[in-house]
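Before any comments, here is the structure.
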Amino acid sequence: KNAPIQNGLNQAAKAGSKPGAHDVHSYILRGSREIVLNDLEKAKAIIEEGLSHFPKEANLYRFLGEIYVQQGKNQEGLLTLVEAMKLDPGNSKVLGGVGKLLLRMGRHADAKDFFRTAYFNDKTEASTAYHWMHACMGESDWSFYPELDNILRLGDDTPQNVEPLT
């Protein structure tokens with residue numbers, strides 16, 4: 001079921017290995033490929049190399065933070081995601097990444113604010129609304145968020161095929 005994703009990541013990895021083809025996205029795509037292959041250390045090395053070339057790129061920091069989280073290094077993940085937020089405070093993917101980490105740490109109340117801000121910064125990020133709902137339900141007070149309730153009732157912004165956090 002991951003064959004199309006894997007094929008695309010393989011093509012991106014090959015393109016990233018050509019001279020002059022290194023840009024921020026090639027590092028992210030090559031790192032993603034290694035995550036799919038379950039090689040977090042190699043993914044981390046690729047992203048760190050990207051950061052040596054693009055030290056002010058928030059998405060590289062976000063990606064590195066998410067790798068730390070997958071490795072169970074929540075504190076390093078949080079510090080790295082905070083660095084990404086400093087570089088790009090309105091980046092919905094960064095805000096959502098912080099929210100996911102806080103949710104995994106059981107900090108539902110803190111996570112809600114990050115997901116809410118991320119969602120309203122970029123309503124095309126459907127998973128953000130899902131995780132926002134998950135955080136609110138963890139606090140048993142999601143009905144106090146009329147914006148989220150309306151989003152979920154209308155269905156227009158309801159996320160599809162989003163896997164729950166574990």
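Since this is a predicted model, take the numbers as computed values, not measurements. The chain is numbered in sequence order, starting from 1.
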Atom CG in L102, atom CG in L81: separation rounded to 0.5 Å? 9.0 Å

Compare all side-chain heavy atoms of N74 with those of R104 and state whether any distance is below 4.5 angstrom. no

Minimum side-chain heavy-atom gap V24-L60 below 4.5 Å: yes

Is there a side-chain contact between D39 and E41 (heavy atoms, below 4.5 Å)? yes

Please report the closest heavy-atom contact between I35 and A43, naming both atoms and the distance. CG1-CB, 3.8 Å

Within the structure provided, determine whether E76 and Q71 are in side-chain contact (heavy-atom separation under 4.5 Å). no

Under 3.5 Å: donor-acceptor pair, side chain of T117, backbone of F114: no

Is the shortest heavy-atom distance from the side chain of V36 to the side chain of R33 under 4.5 Å? no

Output the distance between atom NZ (K44) and atom NZ (K73), rounded to the nearest 0.5 Å. 4.5 Å

Does R62 come within less than 4.0 Å of E66, counting only side-chain N to carboxylate O? yes

Does any non-hydrogen side-chain atom of Y68 lie less than 4.5 Å from one of Q75? no

Identify the heavy atoms of D122 and S92 that sit nearest to each other, and give their distance. CB-OG, 3.2 Å

Roughly how far, to the nearest 0.5 Å, is CG of D23 from NE2 of H53? 11.5 Å

Nearest 0.5 Å, please: how far is CG in L101 from OG1 in T80? 10.0 Å

I46 side chain near K42 side chain, heavy-atom distance below 4.5 Å: yes

In short, K100 meets F115 closest at the heavy-atom pair N-CZ, 3.2 Å

Is there a donor-acceptor pair closer than 3.5 Å between any side-chain N or O of N121 and the backbone N or O of G90? yes

Y27 and F63, any side-chain heavy atoms less than 4.5 Å apart: no

What are the two closest heavy atoms between S52 and P55, and how far apart are they? O-CD, 4.4 Å

Rounding to 0.5 Å, atoms CD1 (I28) and CG (N59) come to a distance of 5.0 Å

What are the two closest heavy atoms between G96 and A118, and how far apart are they? N-CB, 3.9 Å

Any residue meeting salt bridge (Lys or Arg N to Asp or Glu O under 4.0 Å) with E57, in chain and number order, not counting sequence neighbours: none

Does the side-chain contact (heavy atoms from CB on, under 4.5 Å) test come out yes or no for R116 and D113, once each step is laid out? CA-CA 5 Å; R116 182 182 186 283; D113 293 333; 5.6 Å; no

Can you give me the closest heavy-atom contact between A111 and G99, atom names plus distance? CB-O, 3.4 Å

If I take atom CG from residue L64 and atom CG from residue L79, how far apart are they, to the nearest 0.5 angstrom? 11.0 Å

